[in-house]
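See structure below.
Keep in mind that the numbers below use all heavy atoms, side chains included, and drop hydrogens, waters and symmetry copies. Below, read A as the first sequence line, B as the second, and so on, with proteins coming before strands; counting in each chain starts at 1. Computed from a predicted structure; not experimentally measured.
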Protein chains: 2
Amino acid sequence: MSKELSERKKKILHSLVDLYIATGQPVSSADLQSKYLPEVSSATIRAELSALEALGYIEQPHTSAGRIPLKEAYKFYVDSIDGSNACNMLTDQETAFIRNNFFNRLGQIEDLSKEAARIISDVTNYTSFVVDQSQDGDVTIDEIKLIPLKRGKAVVLIVTDKGMIADKAIDVKEDVKPEYIETAGRVLNKVFAGKTIEDIKDFDLKEIDNEIKGFKDIFDEVLGILRMYISEHSSDNVFVEGALKMLDYPEYQNIDDAKQFLSVISDKDAVSEIILSEDNSIEFTVRIGKEDSGVDKCAIITAAYKVGDEVQGKAGVIGPERMDYKKVISVLDYVKKMFSTVLGGTKSLNPFDDEE
Amino acid sequence: MSKELSERKKKILHSLVDLYIATGQPVSSADLQSKYLPEVSSATIRAELSALEALGYIEQPHTSAGRIPLKEAYKFYVDSIDGSNACNMLTDQETAFIRNNFFNRLGQIEDLSKEAARIISDVTNYTSFVVDQSQDGDVTIDEIKLIPLKRGKAVVLIVTDKGMIADKAIDVKEDVKPEYIETAGRVLNKVFAGKTIEDIKDFDLKEIDNEIKGFKDIFDEVLGILRMYISEHSSDNVFVEGALKMLDYPEYQNIDDAKQFLSVISDKDAVSEIILSEDNSIEFTVRIGKEDSGVDKCAIITAAYKVGDEVQGKAGVIGPERMDYKKVISVLDYVKKMFSTVLGGTKSLNPFDDEE
DNA sequence: TTTTAGCACTCTTTTGCCCTGACTGCTAAC
DNA sequence: GTTAGCAGTCAGGGCAAAAGAGTGCTAAAA
């Protein structure tokens with residue numbers, strides 16, 4: 001599979017994928033000849049196609065049909081454009097569209113990710129996703145506030161370096177002695193401040209028995225809130241847009257396949273798993289036909305966006321194998337730049353990141 | 001259309017819909033005769049069917065086919081079961097399932113609605129929805145807290161009688177004089193406490209110019225948060241479950257119809273509009289083939305659940321016209337009861353509702 | 001040795017046709 | 001008013017022929 005192809009074979013293979021992406025139909029030798037290689041005859045191309053078929057790049061659906069690309073062919077095709085310079089397929093309108101929408105909304109990182117997913121999906125017309133990893137793992141609790149309200153209630157406010165958790169009121173059984181609440185707040189702070197979310201996961205109550213004493217009930221509630229937060233928000237950073245667009249492509253005209261696709265794509269955990277299983281260190285990954293994920297028959301292109309050297313998240317597109325790779329890569333590349341500008345620039349989107 | 005049908009016509013029509021719901025195939029006179037009306041001949045039934053066709057209840061897909069029900073027939077069918085006593089189609093397992101799941105999770109009303117939607121969809125195998133109206137309109141602001149944090153930030157905490165809004169931190173431009181924040185908090189409370197969300201919508205800053213003075217920036221932020229909340233959370237009370245289940249039914253094997261359905265059903269505003277356009281005062285509504293909503297070809301059954309006389313929300317099912325109406329109505333009825341029990345019972349789910 | 005033209009061959013897709021099965025509507029008798 | 005019987009209609013399946021699309025092979029040309 002690795003032996004170097006002749007220039008002509010390369011050209012033929014590339015052309016074939018191009019045509020197939022454009023039409024979705026098996027490509028015949030005559031098509032290739034007339035549209036890409038008028039200098040040789042179709043018979044010659046046939047001979048080359050035979051060779052390429054033997055090498056495992058392409059196949060015929062049946063004897064009297066043209067050829068369609070196999071995964072190897074797509075990989076070859078993608079390699080040939082990935083590093084290349086020909087990677088600005090975007091029209092001025094498109095870049096303007098991206099740019100405008102990107103700076104349109106200023107909000108938290110969630111908004112931005114969601115917006116980015118929408119833009120990508122709109123421009124490419126494929127299903128897109130964005131996974132925000134900037135908050136993964138190292139969320140540290142800054143400060144816990146216990147705020148008394150009217151009617152014997154209190155609110156727990158948990159401030160982290162990345163944002164804030166405010167939860168439902170908790171009951172304060174005692175008849176609301178302000179000092180009690182205040183002391184409880186102080187103890188909570190003492191115990192939790194500086195801890196990370198990871199630390200909380202396997203937090204053992206017994207460790208700090210001596211300090212809690214009368215605050216055990218409040219303490220339990222806070223721990224419950226934190227744990228609830230962790231479990232509920234684990235998939236909050238996954239955004240999928242344009243899931244229904246896949247149904248426009250002939251590959252997904254079969255209702256069962258469509259249903260299968262939609263059920264995978266609307267499960268954020270599944271999406272997250274698919275995306276994050278990619279190598280973090282690579283800027284672009286293209287995976288064609290991932291088995292055992294429920295979305296075989298698909299190609300997935302992912303781009304990692306970074307600030308400095310740190311990966312902040314991933315954005316990508318999922319579409320049919322026969323996909324406009326050039327355009328998708330162009331769009332993702334552009335969005336990557338936007339992300340870097342916005343996130344790395346002077347204007348932080350996260351109100352808790354400003355200083356230090 | 002209104003003239004009273006003969007008893008035999010009624011029986012035939014009802015049987016026909018029954019059979020059609022069960023099989024999905026056009027129903028022939030022989031089928032009806034052998035399964036429902038052995039006392040008369042198929043020829044007689046044919047004559048009756050002819051008459052029913054003339055009356056607009058049924059039609060033939062083509063001359064040599066059986067009859068299929070039209071909307072009028074479904075309406076007739078539904079009327080005949082709605083008020084009837086035969087409305088407990090549920091097996092013991094099913095009621096147990098509903099019961100268990102209902103009391104399984106205790107949380108806020110959001111959780112409950114979502115859970116209810118899931119249960120309904122699971123038991124009926126149709127797409128379900130729940131719209132929670134309990135928080136509509138009359139949400140009153142109880143109290144506003146302005147809480148200073150470290151690093152020149154503060155949090156606005158808005159407590160309403162129905163819950164809480166906690167938003168991102170706001171910047172406090174001045175070098176954090178605690179008294180400043182405290183005073184600001186007091187002013188905010190004075191202005192907003194007791195107001196409803198509706199009041200805020202068309203709130204005019206100028207009204208209270210004299211009091212704000214130096215707090216204008218904070219004031220603006222709070223107002224912004226409130227408005228944002230109103231717009232963002234307007235569709236938070238719509239829950240749809242099992243949208244993909246519709247794709248299992250032969251009516252939606254066509255990919256375009258499926259796409260159309262999914263795009264409507266995943267737009268919460270659209271769903272909300274469809275549901276809430278129903279008459280509030282009726283316990284059950286059944287609408288078959290609503291035009292101009294994007295979900296024609298569907299039947300929608302809605303039940304309003306109440307506490308006392310007050311409608312708390314609506315739950316329902318959307319499925320093909322050929323739907324197991326009896327079962328759906330049974331399920332909705334049961335869930336309605338569950339809702340009333342839980343919401344009206346001693347145990348309030350909303351932590352802010354306890355007293356008074 | 002490589003390329004090309006030409007032709008036979010293969011396989012899918014479309015078309016037309018006929019036949020069967022499933023109903024109905026009509027009519028004449030009960 | 002009801003029924004049995006029969007003729008008529010139409011969709012759908014099966015089958016065969018025809019059309020179309022491409023290839024592989026071979027022999028000749030470059």
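Within the structure, a side-chain polar atom (N or O) of B:Arg67 is placed less than 4.0 Å from OP1 or OP2 of C:dT24. In terms of phosphate contacts, A:Ser29 brings a side-chain nitrogen or oxygen within less than 4.0 Å of OP1 or OP2 of D:dT23.
Distance A:Leu49 CG to C:dT4 P: 14 Å, rounded to the nearest Å. Between the CD atom of A:Gln60 and the P atom of C:dT10 there is a distance of 14 Å, rounded to whole Å. In this structure, A:Gln33 places its CD atom 13 Å from P of D:dG22, rounding to the nearest Å. At whole-Å resolution of the value, NE2 in B:His62 and C1' in D:dC10 are 6 Å apart. In this structure, B:Leu37 places its CG atom 14 Å from C1' of D:dT2, rounding to the nearest Å. One can place CD of B:Glu53 at 16 Å from C1' of C:dC26, the figure rounded to the nearest angstrom. Atoms CD (B:Gln25) and P (D:dG12) sit 10 Å apart, rounded to a whole Å. Taking atom NZ of B:Lys9 as the reference point, atom P of D:dG1 lies 10 Å away to the nearest angstrom.
Within 4.0 Å (heavy atoms only), A:Ser42 reaches no atom of the nucleic acid at all.
Taking every side-chain heavy atom of B:Thr44 into account, D:dT3 is the closest of C:dT3, D:dT3, D:dT9. Distances from the side chain of A:Arg46 to the nucleotides D:dC25, C:dC11, C:dT24 place D:dC25 closest. Ranking D:dT3, C:dT3, C:dC11 by closeness to the A:Arg8 side chain, first place goes to C:dT3. Set against D:dA4, D:dG22, D:dC10, the side chain of A:Asp31 has D:dG22 as its closest nucleotide. Here C:dT10 is the nucleotide among C:dG25, C:dT10, C:dA5 with the atom lying nearest to any side-chain atom of A:Ser64.
With salt bridges taken as basic N to acidic carboxylate O contacts below 4.0 Å, one links A:Glu48 and A:Lys9. Classification of A:Lys245 and A:Asp122 as a salt-bridged pair holds, one side-chain N sitting under 4.0 Å from a carboxylate O. In summary, B:Glu251 and B:Lys297 do not engage in a salt bridge, as defined by a charged side-chain N under 4.0 Å from a carboxylate O.
Both A:Ala43 and A:Gly66 sit near DNA chain D, but only A:Gly66 has its closest nucleotide nearer the 5' end. Across the interface with DNA chain D, nearest-nucleotide mapping of A:Val27 and B:Glu48 shows B:Glu48 to be the residue nearer the 5′ end.
Summarising the local packing, CD of A:Glu53 is surrounded by more than 12 heavy atoms from other residues, nucleotides or ligands at distances under 6.0 Å. For CD of B:Gln253, the number of neighbouring non-hydrogen atoms (other residues, nucleotides, ligands) closer than 6.0 Å is greater than 12.
Computed from C1' positions of five pairs at each end, the angle between the two local axes of the helix from C:dT1-D:dA30 to C:dC30-D:dG1 equals 20°, rounded to 10 degrees.
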Tabulate below the donor-acceptor pairs under 3.5 Å that side-chain atoms of residues 14-21 of chain B make, not counting sequence neighbours, or state none.
| unit_1 | atom_1 | unit_2 | atom_2 | d |
| --- | --- | --- | --- | --- |
| B:His14 | NE2 | B:Ser80 | OG | 3.3 |
| B:Ser15 | OG | B:Lys11 | O | 2.6 |
| B:Asp18 | OD1 | B:Tyr77 | OH | 2.5 |

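With contacts defined as side-chain heavy-atom distances shorter than 4.5 Å, the pair A:Val271/A:Ile265 qualifies.
Between B:Tyr325 and B:Tyr74, the angle of the ring planes lies from 30° to 60°, which puts this pair in the tilted group.
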